Amino acid sequence: MTEHWRLYFRNWLSVLGLVILVVLVLVSVLGPVVAPFDPEIVGIDRRALAPGTVHFMGTDELGRDVFSRAVFGVRVSLLVGVVAALASTFLGILVGSMSGYFGGLMDHALMRITELFQVVPQFFLAVVLVALFSASVVNIIVAIAVLSWPAIARLTRAEFLSLKSRQFVDAARLSGASDSTVIFREILPNAMGPIIVSSTLLVGRAMLTEAGLSFLGLGDPSRVSLGVMLYQSRPFIQFAWWAALFPGLLIFLAVLSTNLIGDGLNDVINPQVVEER
Amino acid sequence: MGRTLRGYVTGRLLQAVPLIFVVMTINFILIHSAPGDPIHLLIGEGGFASEELIEQTRAEFGLDRPLHVQFLSYLGNVLQLNLGFSLRYRQDVFDLIMSRLPASLLLMGTAFVVSSIAGILLGLYAGTRKDTIADRIAVILSILGYSMPVFFLGLIMLSVFSIQLGWFPAQGMYDIRNPQTGWGLVKDVAHHLVLPVITYSAFQLALIFRVTRVKMQQVMTEDFIITARAKGVSDRRVVFRHAVPNTLLPIVTILGLNLEWLLAGSVLTETVFAWPGLGRLMFDAVSARDFPLLMGLFMVISSFVIIVNLLTDVLYRAIDPRVSFQ
């Protein structure tokens with residue numbers, strides 16, 4: 001384990017990714033403590049103030065403090081990214097492990113279903129789903145999760161196919177372990193490496209998808225995410241550019257951190273690639 | 001080999017048929033499972049539709065008959081390219097989509113050419129100079145480009161180069177107030193094209209750069225490169241004649257895999273710059289809750305993705321003679 005961490009910390013970019021993510025998570029957890037103002041309070045005399053000492057990210061076109069809004073926005077964006085990625089990872093592992101472990105007819109049927117889900121362009125189906133079934137955080141998470149599990153399922157299946165004929169699996173089976181024990185206790189822990197890398201990258205993609213949906217006007221209006229902030233401040237960009245700049249910058253940092261962490265974890269799993277670099 | 005290739009291509013293209021059928025089925029299910037009367041998803045909500053039009057569409061799509069009959073008539077309509085009627089534009093959905101297609105293709109095509117050339121050249125440069133400062137900087141820039149939300153980059157471009165500096169127009173494809181013809185029109189469109197293309201190329205460029213760089217590093221250590229070098233072939237020739245062709249395959253693969261994200265990127269770019277293509281049309285459809293148009297766009301884009309993915313597969317095999325046509 002320490003060897004793994006040593007490999008991870010050898011690359012300063014991966015460390016940077018981790019630092020950014022930890023800060024963002026802290027900010028979103030501490031939320032109300034960090035935010036200096038009520039994010040929803042408007043004020044005619046404080047409209048579109050440039051960043052300064054009191055409002056250090058400025059105020060938007062309605063006089064709301066951009067920083068305070070962003071603190072809560074980070075929370076919603078991270079929540080959508082993490083929950084959607086976890087849900088689709090869970091679904092993907094379930095389908096992929098059964099498919100790879102049992103093989104035969106089960107594998108065939110599950111893989112056809114997976115392919116069906118892969119045929120349809122995810123982002124556009126998400127747009128249609130959210131537009132048809134109303135834009136709420138739950139609907140957005142469900143739409144993203146339902147559409148992004150196939151990649152994890154295929155990956156899990158491939159890992160299971162290569163692991164299931166190893167000796168330790170035979171040994172477990174011979175000692176009388178049930179199928180579910182072999183799948184979840186024996187094979188899955190050994191397959192987790194690549195799965196964790198993919199689902200880390202999924203967090204970033206999910207946040208990008210949510211922000212993209214919001215930018216098209218399909219964000220949850222009652223739970224303001226960074227994407228919704230960007231969408232709302234866009235018409236006023238000419239005289240209050242800061243109200244768009246900071247939320248955008250935060251989305252960028254959040255996605256960047258998951259990409260950097262994903263790359264770093266990948267180096268830990270495939271150390272020989274690092275040596276080649 | 002010619003015959004095998006043709007047989008293979010036909011076989012692959014035939015596979016698109018059931019896939020497009022699946023998309024039509026999904027579309028049908030969505031229209032019928034969404035809350036509200038499905039008629040509104042075909043001609044839009046509100047009091048805009050005349051009773052006549054409602055009755056006509058209802059009959060056309062057989063909404064008064066059992067579900068399986070409805071499904072068959074839906075398939076029939078879609079196959080005849082009848083995707084419904086957009087009330088916002090008061091126009092047939094399919095005609096509307098076709099009229100916006102050229103603008104999207106112009107943007108995507110230009111961006112594709114620009115990012116491919118720049119990405120490959122940068123990849124070659126960095127890939128043959130492993131671990132130099134230039135290589136490191138290029139890698140960091142590509143990670144940044146890869147993580148940048150395209151609409152955010154677009155807004156930055158818009159604020160800086162259009163609103164603040166006034167170098168480029170902010171909106172649309174040509175100047176409506178001062179219409180041009182001939183050469184003038186070409187120059188006008190090119191001028192409008194600059195910012196959207198830069199915005200839309202960033203992600204693609206980062207992607208192509210990453211792949212080219214890694215592949216170049218691998219290729220440069222292979223035996224045939226060492227042989228070419230030993231024969232006394234010049235460095236430039238080694239790179240362009242021997243190494244570059246080997247990087248094309250992974251580029252085709254990676255673009256095929258990311259096609260969907262490239263299309264999503266074009267929708268968001270068009271939205272930022274009010275580029276009159278399919279993406280902007282989709283944004284308008286979402287804003288106006290113009291469901292017939294939205295569903296029609298979804299149908300067309302999904303079919304496009306399916307066909308391009310199959311073509312990528314074919315191209316992949318055409319580029320690499322080692323891949324068999326089985």
Side-chain angles (χ1 to χ4, degrees), chain A residues 13 16-17 115-135 147 151 204-205 207-218 226-227 230-231 233-234 237-239 241 244-245 247-260 263 273 276-277, chain B residues 18-20 22-23 25-27 30-31 33-36 41 130-131 139-140 143-144 146-156 158-160 163-164 170 214 217-218 221 259-261 263-265 267-268 271-272 279 282-283 285-287 289 291 294-295 297-298 301-302 304-306 309:
Chain A
L13 284 173
L16 180 69
E115 278 165 19
L116 284 191
F117 273 87
Q118 277 190 314
V119 165
V120 190
Q122 299 167 20
F123 181 77
F124 296 95
L125 188 51
V127 168
V128 170
L129 280 176
V130 176
L132 286 179
F133 295 94
S134 87
L147 299 172
R205 282 231 155 150
M207 282 192 290
L208 268 183
T209 306
E210 189 275 335
L213 287 172
S214 301
F215 196 73
L216 293 177
L218 292 170
L226 295 171
L230 198 58
Y231 170 72
S233 56
R234 197 187 137 210
I237 195 163
Q238 232 161 328
F239 60 92
W241 50 264
L245 177 71
L249 213 52
L250 285 168
I251 300 173
F252 167 64
L253 285 177
V255 176
L256 179 69
S257 72
T258 61
N259 283 345
L260 291 176
D263 281 357
V273 181
E276 277 174 23
R277 273 188 196 164
Chain B
L19 294 181
I20 290 175
V22 167
V23 172
T25 312
I26 292 176
N27 236 352
L30 282 176
I31 291 177
S33 57
L41 300 188
K130 203 167 122 182
D131 291 331
V139 169
I140 291 172
I143 297 174
L144 296 183
Y146 193 75
S147 311
M148 188 65 142
V150 59
F151 44 88
F152 179 49
L153 180 61
L155 285 180
I156 295 177
L158 191 77
S159 311
V160 175
I163 297 175
Q164 302 294 331
V214 171
Q217 289 182 356
Q218 285 171 10
T221 61
L259 175 66
E260 216 233 286
W261 293 100
L263 286 174
V267 169
L268 296 166
T271 303
V272 173
M282 180 164 232
F283 175 74
V286 169
S287 317
R289 293 291 187 273
F291 290 118
L294 187 60
M295 302 310 286
L297 277 166
F298 179 62
I301 291 173
S302 304
F304 180 74
V305 170
I306 290 169
N309 269 329

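As a basis for the values below, the full set of heavy atoms in this structure was taken, side chains included, without hydrogen atoms, waters or symmetry mates. A note on names: the letters A, B, ... follow the listed sequences, proteins ahead of strands, and every chain is numbered from 1. Just so it is clear, the structure is predicted and the values come from calculations on it, not from any experiment.
- For the atom pair CD1 (B:Ile143) and CG (A:Asn259), the distance works out to 8.5 Å, reported to the nearest 0.5 Å.
- Between A:Phe215 and B:Phe151, the ring planes are parallel. Angles under 30° get that label, and only those over 60° would be called perpendicular.
- Looking at A:Leu218, the atoms closer than 4.5 Å to chain B (heavy atoms on both sides) all sit in the side chain, from C-beta outward.
- Counting all heavy atoms, side chain and backbone alike, B:Phe298 lies closest to A:Val120 at CZ-CG1, 3.3 Å.
- In terms of the ring-ring contact (aromatic ring centres under 6.0 Å, His included) criterion, residue partners of B:Tyr146 (sequence neighbours excluded) are, by chain and number, B:Phe203.
- Within the 4.5 angstrom heavy-atom criterion, atoms from both the backbone and the side chain of B:Val272 approach chain A.
- Of all heavy-atom pairs spanning B:Leu155 and A:Arg234, the tightest one is CD2-CG, 3.7 Å.
- For the options A:Leu125, A:Leu253, A:Ile251, A:Val127, heavy-atom pairs under 4.5 Å to chain B are most numerous at A:Leu125.
- Considering every non-hydrogen atom in both B:Val267 and A:Phe124, the closest pair reads CG2-CE2, 3.5 Å.
- When the side-chain hydrogen bond (donor to acceptor under 3.5 Å, both in side chains) test is applied to B:Ser159, no partner is found at least two apart in sequence or on another chain.
- Of all non-hydrogen atoms in A:Leu216 and B:Val286, the two that sit nearest each other are O-CG1, 3.6 Å.
- Closest approach of A:Phe133 and B:Leu30 over heavy atoms only: CE1-CD2, 4.4 Å.
- Contact tally against chain A (heavy-atom pairs below 4.5 Å) for B:Val22, B:Ile306, B:Asn309, B:Ile301: the top residue is B:Ile301.
- Of all the listed residues (B:Val305, B:Leu144, B:Ile156), the one sharing the greatest number of non-hydrogen pairs under 4.5 Å with chain A is B:Leu144.
- Only the side chain of B:Ile26 comes within contact range of chain A, judged by heavy atoms closer than 4.5 Å.
- For the residue pair B:Ser147 and A:Phe252, the shortest heavy atom distance occurs at O-CD1, 3.7 Å.
- Only the side chain of A:Leu129 comes within contact range of chain B, with heavy atoms under 4.5 Å apart.
- Heavy atoms closer than 4.5 Å to chain A are found nowhere in B:Leu153, neither backbone nor side chain.
- Between chain A and the options B:Val23, B:Leu268, B:Leu297, B:Leu158, the largest number of non-hydrogen pairs under 4.5 Å is found for B:Leu268.
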